[in-house]
Amino acid sequence: MDVSWTLWALTILGLCALIAVDFLIGRKPHDVSIKEAGIWTIVWIVLAVLFGIGLLVFGNSQASGEFFAGFITEKSLSVDNLFVFILIMAKFSVPSHLQQRVLLVGVLIALVLRAIFIAAGAAIIGTFSWVFYIFGAFLIYTAWKLIQEARAGEEEEEIEDNRLLKSVQNRFGVADRYHGTKLFIEKNGKRILTPLMVVMIAIGTTDVLFALDSIPAIFGLTQDPYIVFTANAFALMGLRQLYFLIGGLLKKLVHLSYGLSVILGFIGVKLVLHALHENGVHVPEISISFSLAVICGVLVITTITSLIASKKQSEREAAEGKGDQDKVEGKDSEGKDSEGKDSEGKADIEA
């Protein structure tokens, strides 16, 4: 898809306008309700769908299909990122009414850094076609690693400060408490950071680690930098509302890692096949329509199996809790106490 500099400029201006509207809506710190998060999550998804339809009308079906496949993949990978965001929020004890401001600025930082990654990735791919082998192998390795971690049932790991975060803290110093929405304060004649600024940097730079997976993944679906960037932008810009909407449901998506591993492994294979095809090897190439069907199918199956497994686990825990309570009260499974009397104090009568 040929994209002029004018279209690039208009797209970036449009995204900046959406970010400005999002910032104005969330400019006053407040606790985000499920209703508010749900409405704006739908708004961002509708905007992404309209953009994809626009590519179909003014571009072609190939570009539209690649955008939707990329958007769905990036959105599903971003859901997994929310686990880490929740850990960061907890680690820094971010007040609930400030969390949306943290996510807004953190996601903006992530968007800028991802744009740099995308530009670098596009330049490398355009010059060295063999990089597809590296991307494909990396995604397959990441898929295998996700499966190993899921099977091991690893607990949530503590988030360590990255080097950039440590250097910023050491350079500027950090206040001992939050000061509303202020990012810097004056203390003893020195300008220092507030914890709010530190956690924003943590959210934004931590997302770069996830970009190491997601950027190669989307380049496996399309090599068009314009589609890669816009798919990432729409996936990221709705992440703040998604955080508040499904934050409580994330623990129920117990099979999410398995689903993401299948998607990443599938795209890794697709990249390797594409690289072989580029080098003149006669191998089948996976179409974008088939890719879109596989991604959607895996996510649907993963969600259904996760909810079923979570329900069974809840029922099991409830049954175990009831059993423990009966033991404490000295009752057996038929509601009788240790002396063989029922709940009304009557002894069993033997036939």
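With a 4.5 Å cut-off on side-chain heavy atoms, M237 and L47 do not count as touching. Using a 4.5 Å heavy-atom cutoff, the side chains of Y243 and L239 are not in contact. Contact annotation: the side chain of F67 approaches that of F234 to within less than 4.5 Å [non-hydrogen atoms, C-beta and beyond]. Residues Y133 and L276 have side chains in contact (heavy-atom distance under 4.5 Å, counting atoms from C-beta outward). Inter-residue side-chain proximity for T73 and I218 is flagged as unmet; no heavy-atom pair is nearer than 4.5 Å. Taking 4.5 Å as the limit, every side-chain heavy atom of W44 sits out of range of all side-chain heavy atoms of L242. Considering only heavy atoms from C-beta on, L103 comes within 4.5 Å of M89 through its side chain. Within the 4.5 Å cutoff, the side chain of L256 has no heavy atoms near those of the S306 side chain.
Taken from CD1 in I118 to CD1 in I227, the straight-line distance is 12.0 Å, to the nearest 0.5 Å. The distance from atom CG of N232 to atom NZ of K75, rounded to the nearest 0.5 Å, is 11.0 Å. The line from CG of L139 to CZ of F219 is 12.0 Å long, rounded to the nearest 0.5 Å. Rounding to the nearest 0.5 Å places CD1 of I192 at 13.0 Å from CE of M197. Atom-to-atom distance recorded for I39:CD1 and Q241:CD is 11.0 Å, nearest 0.5 angstrom. The line from CD1 of I267 to CD1 of I295 is 4.5 Å long, rounded to the nearest 0.5 Å.
Side-chain heavy atoms closer than 4.5 Å link hydrophobic residues (I, L, V, M, F, W, Y) into clusters, and following such links, possibly through other members, connects V228 to I124. Under the 4.5 Å side-chain contact rule for hydrophobic residues, I147 and Y141 do not share a cluster. At a threshold of 4.5 Å between side-chain heavy atoms, the hydrophobic network of Ile, Leu, Val, Met, Phe, Trp and Tyr places I288 and L56 in two separate groups. Under a hydrophobic-cluster definition in which Ile, Leu, Val, Met, Phe, Trp and Tyr are linked whenever side-chain heavy atoms come within less than 4.5 Å, directly or via other members, V272 and V131 are assigned to the same cluster. Using a 4.5 Å cut-off between side-chain heavy atoms of Ile, Leu, Val, Met, Phe, Trp and Tyr, with links allowed through other members, L15 and L7 fall into the same hydrophobic cluster.
The backbone N or O of Y258 lies less than 3.5 Å from a partner atom in the side chain of S261, making a donor-acceptor pair. The closest donor-acceptor contact from the side chain of N188 to the backbone of K190 lies at 3.5 Å or more, if one exists at all.
The two residues L271 and P216 make their nearest non-hydrogen contact at CD1-O, 3.7 Å. Contact record, T305 with H255: OG1-ND1, 3.0 Å, taken as the closest heavy-atom pair. Taking all atoms of both residues into account, the shortest heavy-atom contact from E186 to R191 is OE1-N, 3.8 Å. For the residue pair P284 and L273, the shortest heavy atom distance occurs at O-CD1, 3.6 Å. Taking all atoms of both residues into account, the shortest heavy-atom contact from G70 to A231 is C-CB, 4.0 Å. V102 and V199 get closest at one heavy-atom pair: CG2-CG1, 3.5 Å.
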Audit row: Y178, V94, side-chain contact (heavy atoms from CB on, under 4.5 Å) steps and yes/no:
CA-CA 8 Å; Y178 287 89; V94 182; 3.3 Å; yes
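H179 and T194 are not linked by any side-chain donor-acceptor pair at a separation below 3.5 angstrom, with hydrogens and angles left out of the test. Counting only N and O atoms by type, the side chains of T11 and Y226 include a donor and acceptor under 3.5 Å apart.
Counting heavy-atom neighbours within 6.0 Å of F290 CZ, excluding the residue itself, gives a total of 12 or less.
Under the side-chain contact (heavy atoms from CB on, under 4.5 Å) test applied with S76, the options T303, L260, V298, T302 reduce to a single match, L260.
Aromatic ring pairs are classed by plane angle as parallel below 30°, tilted from 30° to 60° and perpendicular above 60°; the pair W8 and F229 is tilted.
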